[in-house]
Amino acid sequence: MQLKTIVEQALKQGYLTPLMEGEITQICEASTELSTEEYSALDELMTALLNGTVVASYRKQFINVMEELVLSKALTLVTEIEVASNQSIDIGNITAYALNRLPPLYATTKEGANYQKQRAQNELQELITQRVQEAITHHIKSDKVLGKKPALETDTEQDVVKQISILLQAYAVAYEKE
């Protein structure tokens, strides 16, 4: 989709979705130089965001409490094994393997996270330990195969662009109120 089309859609609907924002970011990053028409469209969008005729869709924040619990258990068990055997174990592989075999425990508030953590410690601790141990066993058995696979990398440049975009959206609303 073209930049101008995305901006026109946002102006018509009155909101900018995360998907639209992502497409705009991709277009801007892919282009070495934007056309005058594209700059005008971006300017029009920024003006609409500043005056409130277009609002950015709210992104709900949430966490999976299970990730913290599994990582904690994995670190404990892996450290014991590494000290005893002088063998290096990839904590990322262990955590991902175990998480794929456990129920997620999502929360959107601190209270919800505390509830999910308490629930997991009361009802799922044994299962968490079992799945992490299975992950370690699997990793040790297939270590030669896993060692040849490239690790998942993060796109830090893209993360920075998203963070700046979020900040601009937040300040655009605050700027209008002043």
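Positions are given from 1, in the same order as the sequence printed here.
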* Asked: Is there a side-chain contact between Ile27 and Ile6, using heavy atoms and a 4.5 Å cut-off?
  -> yes

* Structure fact -> Correct closest heavy-atom pair for Ala10 and Leu16 would be CB-CD1, 4.1 Å

* To do: Can you measure from CD1 (Ile63) to CD (Glu68) and round to the nearest 0.5 angstrom?
  => 7.0 Å

* Minimum heavy-atom separation for Leu102 to Val70, with atom names? -> CD1-CG2, 3.4 Å

* Between CD1 of Ile81 and NE2 of His139, what distance do you get to the nearest 0.5 Å? -> 9.5 Å

* Asked: About how many Å separate CD of Glu8 and CG of Leu3, when rounded to the nearest 0.5 Å?
  -> 10.0 Å

* **Residues, nucleotides or ligands: over 12 heavy atoms within 6.0 Å of Glu126 CD** => no

* Structure fact -> Heavy atoms of Ala74 and Ile94 approach each other most closely as CB-CG2, 3.9 Å

* For Thr129 and Leu77, which heavy atoms make the closest approach, and how far apart are they? -> O-CD1, 4.5 Å

* Starting at CD1 of Ile140, measure out to NE2 of His138 and round the result to the nearest 0.5 Å. => 11.5 Å

* **Side chain Thr95, main chain Ile91, donor-acceptor under 3.5 Å** => yes

* To do: Return yes if some donor-acceptor pair links the side-chain N/O of Glu82 with the main-chain N/O of Ile89 below 3.5 Å, else return no.
  => yes

* Asked: If you look only at pairs with a residue in residues 7-42, which of them pass as a ring-ring contact (aromatic ring centres under 6.0 Å, His included), with sequence neighbours excluded?
  -> none

* Cluster question for you: counting only ILVMFWY and a side-chain heavy-atom cut-off of under 4.5 Å, with indirect links fine, are Leu99 and Leu127 together? -> yes

* To do: Could you tell me the separation between the CG atom of Leu42 and the CG atom of Leu34, rounded to the nearest 0.5 Å?
  => 6.0 Å

* To do: For Arg101, enumerate each residue passing the side-chain contact (heavy atoms from CB on, under 4.5 Å) test, keeping only those at least two apart in sequence or located in another chain.
  => Tyr97, Arg131

* Single-linkage hydrophobic cluster, 4.5 Å side-chain cutoff, Val55 and Met20 together -> no

* **Val7: partners by side-chain contact (heavy atoms from CB on, under 4.5 Å), with sequence neighbours left out** => Leu11, Ala41, Leu45

* Asked: Would you say Asn122 and Gln118 make side-chain contact, with heavy atoms under 4.5 Å?
  -> yes

* Lys73/Gln125 under side chain to side chain contact (heavy atoms under 4.5 Å, CB included): CA gap, chis, key distance, verdict -> CA-CA 9 Å; Lys73 180 54 77 175; Gln125 195 61 46; 3.7 Å; yes

* For Thr76, what residues pass the side-chain contact (heavy atoms from CB on, under 4.5 Å) criterion, not counting sequence neighbours? -> Glu80

* Are side-chain heavy atoms of Glu38 and Ser35 found at a separation under 4.5 Å? -> yes

* Asked: For the atom pair CG (Asn51) and CE (Met46), what is the distance rounded to the nearest 0.5 Å?
  -> 11.5 Å

* Taking all atoms of both residues into account, what is the closest heavy-atom pair of Ala113 and Ala107, and its distance? -> N-CB, 3.3 Å

* To do: Give a yes or no answer on whether the side chain of Asn64 reaches the backbone of Leu105 with a donor-acceptor pair at less than 3.5 Å.
  => yes

* Structure fact -> Contacts of Leu69 meeting side-chain contact (heavy atoms from CB on, under 4.5 Å) (sequence neighbours excluded), chain-then-number -> Val65, Lys117, Ala120, Gln121, Ile128

* **Hydrophobic cluster partners of Tyr115 (side-chain heavy atoms under 4.5 Å)** => none

